[in-house]
There are 2 protein chains.
Amino acid sequence: MDMDIVFKALADSSRRQLLDLLYQENGRTLGELCEHLDMSRQAVTKHLAVLEEANLVAVVWRGREKLHYLNPVPLQDIYERWIGKFERQRLHALHTLKTRLEEDDES
Amino acid sequence: MDMDIVFKALADSSRRQLLDLLYQENGRTLGELCEHLDMSRQAVTKHLAVLEEANLVAVVWRGREKLHYLNPVPLQDIYERWIGKFERQRLHALHTLKTRLEEDDES
DNA sequence: TTGACATGCAACCCGCAGGTTGCATATTGA
DNA sequence: TCAATATGCAACCTGCGGGTTGCATGTCAA
């Protein structure tokens, strides 16, 4: 799985805002999403294309309308394969620190 | 807290590789880190500056050597304030789905 | 003291991301 | 059938990210 496109997709605050909008209300249309961003419709389209590429957003056509749905699975992947690793390291460090302190306490 | 610089810092694969290197062995010097990347020392310096800016890496000088230490706290922040939110949504969706299926099962 | 070593600083180059504008296409509803 | 609506496509502009090179600075060791 290519984490890079997901990280790149998340790097832009407008795209994170789009994900947030879909989090608040899923299945929004392009026009609806545009109302919340201060840029042209085409710019929003490009951002959504990046999110689709990263598999963070899925699209369903209803007539002439394009409905956008949030897919949080890649976020889960990033956590499991990336953030979680460092997190476990941190917890281990905290545990080590705690143990050290207790040892110091005893001496 | 400014999540944006952290996301931006994570968006580059070379920088993620640097974090990985520090994860494997903390407190590495600039020269040591350079040995693992296929680019000039100055390029690595710039990447490390971005990571410092995002507070993902802390630096300690020892004589003429610059030691780099990993700080996973911003990663934890990103998870808690960002990924976790969507994750809870997903779990909730799964739970709803499960309940629906069980209801269908009963009918 | 001096040369080698580790790093910093600054200028520069270039591709591409993020934005725009203009026009085309397809669906809807009166 | 036709005008309004929702979106796509393509060309273009511009700033900046990621890289380079050249030289300066500070520290160590003989």
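Below, read A as the first sequence line, B as the second, and so on, with proteins coming before strands; counting in each chain starts at 1.
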Atom-to-atom span, [atom1] of [X] to [atom2] of [N] - whole angstrom:
X	N	atom1	atom2	value
A:Glu65	C:dG29	CD	C1'	13 Å
A:Asp4	C:dC16	CG	P	14 Å
A:Arg62	D:dT5	CZ	P	17 Å
A:Phe7	D:dG17	CZ	C1'	18 Å
B:Leu48	C:dA6	CG	P	16 Å
B:Glu32	C:dC5	CD	P	16 Å
A:Arg28	D:dA6	CZ	P	15 Å
B:Leu37	D:dT20	CG	C1'	16 Å

Using a cut-off of strictly less than 4.0 Å, decide whether [X] has a side-chain nitrogen or oxygen near OP1 or OP2 of [N].
X	N	answer
B:Ser14	D:dG17	no
A:Ser40	C:dG18	no
B:Lys46	C:dC9	no
A:His47	C:dA17	no

Hey, are the side chains of [X] and [Y] touching, using non-hydrogen atoms and a 4.5 Å cut-off?
X	Y	value
B:Thr45	B:Leu30	yes
A:Leu18	A:Tyr23	no
B:His68	B:Thr29	no

Legend entry - Helical bend (five base pairs per end, nearest 10°) for the helix from C:dT1-D:dA30 to C:dA30-D:dT1: 30°

Inset, instruction - Would you check, one step at a time, whether the test salt bridge (Lys or Arg N to Asp or Glu O under 4.0 Å) holds for B:Asp12 with A:Lys8? - result: CA-CA 8 Å; B:Asp12 187 274; A:Lys8 287 254 184 352; 5.3 Å; no

Inset, instruction - State which of C:dT20, D:dT7, C:dG8 makes the closest approach to the side chain of B:Thr45. - result: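 For B:Thr45, the side-chain atoms sit closest to C:dG8.
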
Inset, instruction - Please tell me which of the listed nucleotides, D:dT20, D:dT7, C:dG19, lies nearest to the side chain of B:Met39? - result: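 Ranking D:dT20, D:dT7, C:dG19 by closest atom to the B:Met39 side chain puts D:dT20 first.
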
Inset, instruction - Indicate, with a heavy-atom threshold strictly under 4.0 Å, whether B:Arg15 touches base, sugar-phosphate, or nothing. - result: sugar-phosphate

Legend entry - Side-chain hydrophobic cluster, 4.5 Å single linkage: members besides B:Val50: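 Taking Ile, Leu, Val, Met, Phe, Trp and Tyr as members, B:Val50 stands alone, with no cluster partners.
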
Report yes if a donor N or O on one partner sits less than 3.5 Å from an acceptor N or O on the other, where the partners are the side chain of [X] and the base of [N]; otherwise report no.
X	N	result
A:Arg64	D:dT7	no
A:Gln42	D:dG8	yes
B:Arg41	C:dG8	yes

Legend entry - Ion pair check, B:Glu52 and B:Lys66, cut-off under 4.0 Å: yes

Legend entry - Basic-acidic side-chain contact under 4.0 Å: B:Arg16, A:Asp4: yes

Inset, instruction - May I ask you to decide if B:Arg15's main-chain N or O and B:His47's side chain share a donor-acceptor pair within less than 3.5 Å? - result: no

